[in-house]
Amino acid sequence: MGAILVGAGALIGFGAKTAGGCTSGNGICGTSLGSAASFVATGTFLAVAIGASFAIRGLT
Amino acid sequence: MTPVRAAGLVAGVAFGFLISGGQFTDPDRIRDMLLLEDEYLYVMMAAAVAVGTLGSRLLRRTGASTLLPHERVSWTNPNVASHHVVGAAVVGLGWAIADSCPAPFAGQLAQGVGWSLFTIAGVLLGVWLYLRRQDRSAVTTSG
């Protein structure tokens with residue numbers, strides 16, 4: 001469980017640095033400033049997270 | 001403490017208080033959000049973006065100054081690039097596995113949720129890996 005959480009955190013840390021923001025940085029701040037890149041990032045992480053959540057529920 | 005750090009501390013305390021009170025730090029709530037069984041957090045995010053959009057435009061239009069340093073409020077947005085999509089997809093995967101993201105991790109730590117130590121360690125590891133990879137590609141392009 002601990003290893004899974006460290007891995008998930010590492011994905012978030014690496015991805016947020018790559019995308020220039022996390023759920024708060026791109027999803028709330030960037031979109032508030034009207035950044036197209038933040039809207040694209042927000043649409044992407046929401047779509048992937050929703051898809052992955054359904055996949056995880058299906059597998060477990 | 002420098003004034004900028006003091007201002008950051010105040011803003012951080014307010015943000016942590018509000019997302020804790022708003023249940024944005026609750027993994028069960030985030031899981032239900034991502035399984036499309038609970039619209040609450042979508043409404044909360046949309047409300048935050050609406051307030052942020054109005055507030056930032058209002059500050060820019062009235063020529064307000066930033067708190068520190070004293071400069072007029074203005075910003076420029078980056079062009080859309082592939083790294084926004086790739087990075088966000090990686091974030092989305094981690095978000096679905098942890099049912100939390102960086103701001104909730106910090107909130108959970110303050111609430112005494114022990115396993116936030118693991119996710120926070122993971123975020124630090126991920127940032128470190130990114131910086132290490134960046135250093136190496138910088139060496140490659142220059143050399």
Side-chain angles (χ1 to χ4, degrees), chain A, chain B residues 15 19 24 30-31 33-36 42 45 48-57 75-81 83-105 115-131 133-134:
Chain A
M1 185 65 178
I4 293 172
L5 290 175
V6 171
L11 288 174
I12 293 171
F14 189 90
K17 283 295 285 179
T18 307
C22 60
T23 34
S24 308
N26 269 319
I28 294 175
C29 297
T31 49
S32 291
L33 299 179
S35 164
S38 288
F39 277 102
V40 168
T42 304
T44 305
F45 64 59
L46 270 175
V48 170
I50 290 167
S53 291
F54 277 99
I56 289 167
R57 186 170 71 170
L59 289 170
T60 51
Chain B
F15 186 56
I19 64 165
F24 199 65
I30 295 174
R31 184 166 181 275
M33 167 201 195
L34 295 177
L35 289 172
L36 307 179
Y42 291 109
M45 265 184 90
V49 173
V51 172
T53 302
L54 282 173
S56 56
R57 298 310 187 289
W75 65 86
T76 52
N77 292 326
N79 292 323
V80 181
H83 66 88
H84 294 118
V85 178
V86 175
V90 177
V91 168
L93 189 59
W95 192 19
I97 295 169
D99 286 328
S100 288
C101 49
F105 293 158
W115 54 255
S116 64
L117 290 171
F118 290 96
T119 47
I120 289 169
V123 171
L124 296 176
L125 175 67
V127 170
W128 179 76
L129 287 171
Y130 174 87
L131 295 174
R133 185 169 164 273
Q134 201 182 34

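The sequence lines fix the lettering, A, B, ..., with proteins before strands; numbering per chain opens at 1. Note that the structure is predicted; figures quoted are calculated from it, not measured.
The contact between B:Leu131 and chain A is made entirely by side chain atoms (from C-beta outward), counting heavy-atom distances below 4.5 Å. Of the two parts of A:Ile12, the backbone and the side chain both hold a non-hydrogen atom closer than 4.5 Å to a non-hydrogen atom of chain B. Only the backbone of B:Ser100 comes within contact range of chain A, judged by heavy atoms closer than 4.5 Å. Contact annotation for B:Phe105: only side-chain heavy atoms (C-beta onward) come within less than 4.5 Å of a heavy atom of chain A. The part of B:Trp75 that comes within reach of chain A is its side chain, from C-beta onward, which places non-hydrogen atoms under 4.5 angstrom from that chain.
Nearest heavy atom pair, residue B:Leu34 against residue A:Ser53, reads CB-OG, 3.2 Å. The nearest pair of heavy atoms linking B:Val49 to A:Ile28 is CG2-CA, 4.0 Å. The nearest pair of heavy atoms linking A:Ala10 to B:Leu125 is CB-CD2, 4.2 Å. When all heavy atoms of B:Ala88 and A:Ala19 are compared, the closest pair comes out as N-CB, 3.5 Å. Contact between B:Val91 and A:Gly15 at its shortest, heavy atoms only, is CG2-C, 3.4 Å.
For the set A:Ile56, A:Val6, A:Ile4, the entry with the most heavy-atom pairs within less than 4.5 Å of chain B is A:Val6. Ranked by heavy-atom pairs under 4.5 Å with chain B, the list A:Gly34, A:Gly30, A:Ser24 is led by A:Gly34. Here A:Leu33 is the residue among A:Thr44, A:Leu46, A:Leu33, A:Val40 with the most heavy-atom pairs under 4.5 Å with chain B. Each of B:Leu124, B:Leu129, B:Leu35 has some count of heavy-atom pairs under 4.5 Å with chain A, and the biggest count is that of B:Leu35. Note on B:Pro78, B:Ala96, B:Ala103: by heavy-atom pairs under 4.5 Å with chain A, the leading option is B:Ala96. Heavy-atom pairs under 4.5 Å with chain B peak, among A:Gly2, A:Ala52, A:Gly20, A:Gly25, at A:Gly2.
B:His84 contributes no side-chain N or O that, together with a main-chain N or O of A:Ala41, makes up a donor-acceptor pair within less than 3.5 Å.
To the nearest 0.5 Å, atoms CD1 (B:Ile30) and OG1 (A:Thr23) are separated by 8.0 Å.
Using a 4.5 Å heavy-atom threshold, the side chains of B:Cys101 and A:Cys22 count as separate. In this structure, A:Phe54 and B:Leu36 have side chains that are in contact, with non-hydrogen atoms separated by less than 4.5 Å.
When the side chain to side chain contact (heavy atoms under 4.5 Å, CB included) test is applied to A:Phe39, the partners found at least two apart in sequence or on another chain are A:Thr31.
Shown here is B:Arg57, whose CZ atom has more than 12 heavy atoms of other residues, nucleotides or ligands within 6.0 Å.
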